[in-house]
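Each remark here refers to the structure printed beneath this line.
A, B, ... follow the sequence lines: proteins, then strands. Residue 1 opens every chain. Scope of the values below: all heavy atoms of this structure, side chains included, with no hydrogens, waters or symmetry mates.
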Amino acid sequence: SQELEQSPQSLIVQEGKNLTINCTSSKTLYGLYWYKQKYGEGLIFLMMLQKGGEEKSHEKITAKLDEKKQQSSLHITASQPSHAGIYLCGAAPNTGNQFYFGTGTSLTVIP
Amino acid sequence: ETGVTQSPTHLIKTRGQQVTLRCSSQSGHNTVSWYQQALGQGPQFIFQYYREEENGRGNFPPRFSGLQFPNYSSELNVNALELDDSALYLCASSPDWAGGPNNEQFFGPGTRLTVL
């Protein structure tokens, strides 16, 4: 099965600070998805990376997938309280119709 | 708003009972996936239905079963409830199978199930 490890497990930052969340896979990633979840609610899609070395940005959030397609990072610039929540990476294996999520990173932004 | 709805919002059951959770997908989405999320953990894939047939399953026992209907609604049924089944249950709809290229999943708000 696909295993996705996220680090750190939790993060507390002051508003305005930059931060990075990492997602490491035990296998080559077929496609890597980033989602955000507000506590106890559904997930909101952020972005999807497929090609080695790919980088995407949306507003102040940038996600990268390394060349070997086994590690991804999510970077938030000048964090705001609205960025608070749980960030989850997710991926499907090359074979089999399944989907796996990482362990999640809880982000708190202090105003 | 993702256009995916789930009912009920909260549910309390006792051990051994059976439960049915419901999901209404976005119109035109052929795939619905169900996930179990225990407190403090990432969602765990239960199974996926594509055009009314199960076509992918995670590491969950047969007492977890599902149905998908032509009107974009679906159900998750859990028999013989156990205490460990207490969790947030999420459904997600997508145009194609979950994890496919450029295949964003649209999640519902979830059903919080408590088993006593």
Side-chain angles (χ1 to χ4, degrees), chain A residues 1-10 21-25 27-52 54 56 58 63 65 69 85-107, chain B residues 1-6 9-10 23-26 30-51 53-60 87-114:
Chain A
S1 64
Q2 184 110 39
E3 289 190 3
L4 297 171
E5 283 277 339
Q6 283 186 240
S7 63
Q9 191 174 0
S10 66
I21 298 168
N22 295 302
C23 175
T24 303
S25 171
K27 298 180 181 179
T28 300
L29 294 162
Y30 185 54
L32 189 285
Y33 294 74
W34 283 100
Y35 286 85
K36 178 187 174 185
Q37 183 180 30
K38 291 195 173 179
Y39 298 100
E41 298 182 11
L43 280 64
I44 302 296
F45 172 78
L46 295 175
M47 53 192 89
M48 182 259 185
L49 304 163
Q50 197 172 7
K51 298 176 185 175
E54 188 175 7
K56 286 187 179 177
H58 177 67
L65 182 62
K69 295 174 64 176
I86 300 169
Y87 288 82
L88 293 151
C89 62
N94 282 349
T95 58
N97 292 338
Q98 298 180 344
F99 197 84
Y100 298 95
F101 279 100
T103 46
T105 296
S106 174
L107 172 63
Chain B
E1 287 289 330
T2 63
V4 178
T5 59
Q6 291 186 244
T9 308
H10 296 87
C23 173
S24 180
S25 300
Q26 277 199 18
N30 294 312
T31 298
V32 64
S33 303
W34 285 90
Y35 295 85
Q36 180 195 67
Q37 186 176 25
L39 204 60
Q41 297 182 20
Q44 299 292 313
F45 178 81
I46 302 175
F47 46 53
Q48 170 183 271
Y49 277 76
Y50 177 75
R51 293 186 174 176
E53 292 208 6
E54 184 183 305
N55 79 335
R57 191 175 185 93
N59 191 24
F60 280 82
L88 180 69
Y89 287 85
L90 298 161
C91 77
S93 76
S94 51
D96 204 343
W97 58 273
N102 296 311
N103 193 39
E104 172 188 349
Q105 295 182 74
F106 295 80
F107 281 81
T111 293
R112 173 75 60 189
L113 173 65
T114 302

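- Looking at A/Ile44, only its side chain comes within 4.5 Å of chain B, counting heavy atoms on both sides.
- For the pair B/Thr31 and B/Gln48, the minimum side-chain heavy-atom distance is below 4.5 Å.
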After noting the C-alpha distance and the side-chain angles of A/Gln6 and A/Leu88, does the key distance pass the side-chain contact (heavy atoms from CB on, under 4.5 Å) rule? CA-CA 8 Å; A/Gln6 283 186 240; A/Leu88 293 151; 4.2 Å; yes

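- For A/Leu43, the parts lying near chain B are the backbone and the side chain together; criterion is any non-hydrogen pair under 4.5 Å.
- Between the side chain of B/Gln44 and the main chain of B/Gly58, no donor-acceptor pair closer than 3.5 Å is present.
- Looking at A/Tyr35, the atoms closer than 4.5 Å to chain B (heavy atoms on both sides) all sit in the side chain, from C-beta outward.
- The environment of CD in B/Glu54 is crowded: more than 12 heavy-atom neighbours from other residues, nucleotides or ligands sit within 6.0 Å.
- For A/Gln37, the part lying under 4.5 angstrom from a heavy atom of chain B is the side chain only.
- Between chain A and the options B/Gly56, B/Ala92, B/Pro43, B/Cys91, the largest number of non-hydrogen pairs under 4.5 Å is found for B/Pro43.
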Verdict with supporting geometry, B/Ser93 and B/Gln26, side-chain hydrogen bond (donor to acceptor under 3.5 Å, both in side chains): CA-CA 7 Å; B/Ser93 76; B/Gln26 277 199 18; 5.5 Å; no

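- Only the backbone of B/Arg57 comes within less than 4.5 Å of a heavy atom in chain A; its side chain stays farther off.
- Put simply, the side chain of B/Phe106 does not reach to within 4.5 Å of the side chain of B/Ser25, judged on heavy atoms.
- With a 4.5 Å cut-off on non-hydrogen atoms, B/Gln37 touches chain A through its side chain but not through its backbone.
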